[in-house]
Engineer: 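Structure below; questions to follow.
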Amino acid sequence: MAILEVENIRKSFGSTEVLKDISFSLEKGHALAVIGSSGSGKTTLLRCLNFLERPDGGVIRVNGDILFDSKDPNTQRESEIRKKRLHFGLVFQAFNLFPQYTVLRNVTLASELLEKERRGEEQATRIANRGIREYALELLDQMGLSDKVELYPHQLSGGQQQRVAIARALALKPDILCFDEPTSALDPELTGEVLRVIRSLAEKKTTMVIVTHEMAFARDVAEYVIFLDDGVIVERGTSQEVITNPQEERTKQFLSRFSQN
Amino acid sequence: MGRLAESFWLNCEIFLLTLLFALPLGLIISFGSMSRWQPLSWFTKTVVWIIRGTPLMLQIIVLFYAPGLLGWGNWWGSGTSGRFSAAVVAFVINYSCYFSEIFRGGIQGVPVGQTEAGQVLGMTKTQIFFKITLLQVIKRILPPMGNEIITLIKDTSLARIIANKEIIMMAQEYSAKGLIWPLFSTGVFFLVFVGTLTLLFMWFEKKLDYFRI
């Protein structure tokens, strides 16, 4: 069964229609790459999944449960949305780490707040917090950041900051992890270390939606690829089909710009 | 000297009470001016414009005399305590408007990505404000706040306009008797006070030096 189903999502900003009737689904443990030029609506799509934008129309289902239905106002209440968005994790292009907290605290903060809300009880919380801390350290170890846990974000390189951001998103154990151009703000030398981490997540069968400009990476890591142009899915298929052997003229045109370098 | 110090205590009282009330009130006003509900933000911005656009001295006079002149009775009671309350209220209103603009700048200066990161991590608006935004705002507004607060202690002398016996008024009375030193001592009082404030703010900024925004 598909873990994520997106049906007929539409979104306009003023009179500009950014997403026009987008539908796709994703199997558990698979990675989906969303490619397309700037302004094609990739980021908006990701932001709709994470409830940072509210779609004007359409349905979003996770594990068969309706998370969002534009026709049902009950699915759009703020309190509901807050719980539901935890199905998704989002890694931003600009990292957006919290500058006043250490690496470790960046990763544990949200889990601790949720735990406190859930229990409120002092003793239980203390034990739970120990678990949260251990899990955070484990994640940071996976990201190769064991020696950085007590540092502050400004003391890290961009690549290290992005790996912290990935650990932070994973700490809440989301069903689906989304990446919004995770390497676009990085120097070419630092891009590799972040892509390696995402690749290892793919090997561990993490369900992911990745918006990226790294075509070779998309081809190697993602099972499926969607090519978005002007708010419409122009082409979709396995990564081999779309990236290596595109059918649509528009896709070929877009990809040819990458093969030139 | 002792009586000068006594009168300077009045300046300090106005200073402390103004900070105590104007800081939280300023934060509330800044939320008003940032409100997405247009009537509220327009109303707030108009009030801030009027308060910042007219002299504090005039505001003190108006606040003290207007209730009586308009036939609304005696708001401020009689004697020194009434004069003192009127001055403090005028200072609180005036400074909360200035503070609100500093808060607004500080809050709007925090990148929207910080809020969004909090949102996708399932935090509530309150949690985002207190756990993420607030300290970044404080770090950002510390220098302009320092400026404003230094101006405040010197502005407290304006309270004399409704006959509050603050330090400059006293010094002037003494010097009218042919003494020059009270004027110099008064300057020293302010210098020492502002010097202490400056050190305090330096210490505070250093405290928040451990992270960058």
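Quick note on labels: first sequence line is chain A, next is B, and so on, each numbered from 1.
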Engineer: Is A/Phe95 in contact with chain B via its backbone, its side chain, both, or neither, using a 4.5 Å heavy-atom distance?
Structural biologist: neither

Engineer: Heavy atoms only: give me the nearest A/Pro99-B/Ile213 pair and the separation to one decimal.
Structural biologist: CG-CG2, 3.8 Å

Engineer: Where does A/Arg168 contact chain B at under 4.5 Å (heavy atoms): side chain, backbone, both or neither?
Structural biologist: both

Engineer: Is it the backbone or the side chain of A/Leu114 that comes under 4.5 Å from a heavy atom of chain B, or both, or neither?
Structural biologist: side chain

Engineer: Using non-hydrogen atoms only, which part of B/Gln127 is less than 4.5 Å away from chain A: side chain, backbone, both, or neither?
Structural biologist: side chain

Engineer: Side chain from CB out, backbone as N, CA, C, O: work out which of these in A/Leu97 comes under 4.5 Å of a heavy atom of chain B, or both, or neither.
Structural biologist: backbone

Engineer: Return yes if some donor-acceptor pair links the side-chain N/O of A/Gln100 with the main-chain N/O of B/Arg212 below 3.5 Å, else return no.
Structural biologist: no

Engineer: In Å and rounded to the nearest 0.5 Å, what is the CG to CG distance from B/Leu121 to A/Leu113?
Structural biologist: 9.5 Å

Engineer: Is chain A contacted by the side chain of B/Lys131, its backbone, both, or neither, given a heavy-atom distance below 4.5 Å?
Structural biologist: both

Engineer: Let me know if A/Phe92 has heavy atoms under 4.5 Å from chain B in its side chain, its backbone, both or neither.
Structural biologist: side chain

Engineer: Can you tell if the side chain of B/Gln119 reaches within under 4.5 Å of the side chain of A/Asn50, non-hydrogen atoms only?
Structural biologist: no

Engineer: What are the two closest heavy atoms between A/Phe98 and B/Ala117, and how far apart are they?
Structural biologist: CE2-CB, 3.9 Å

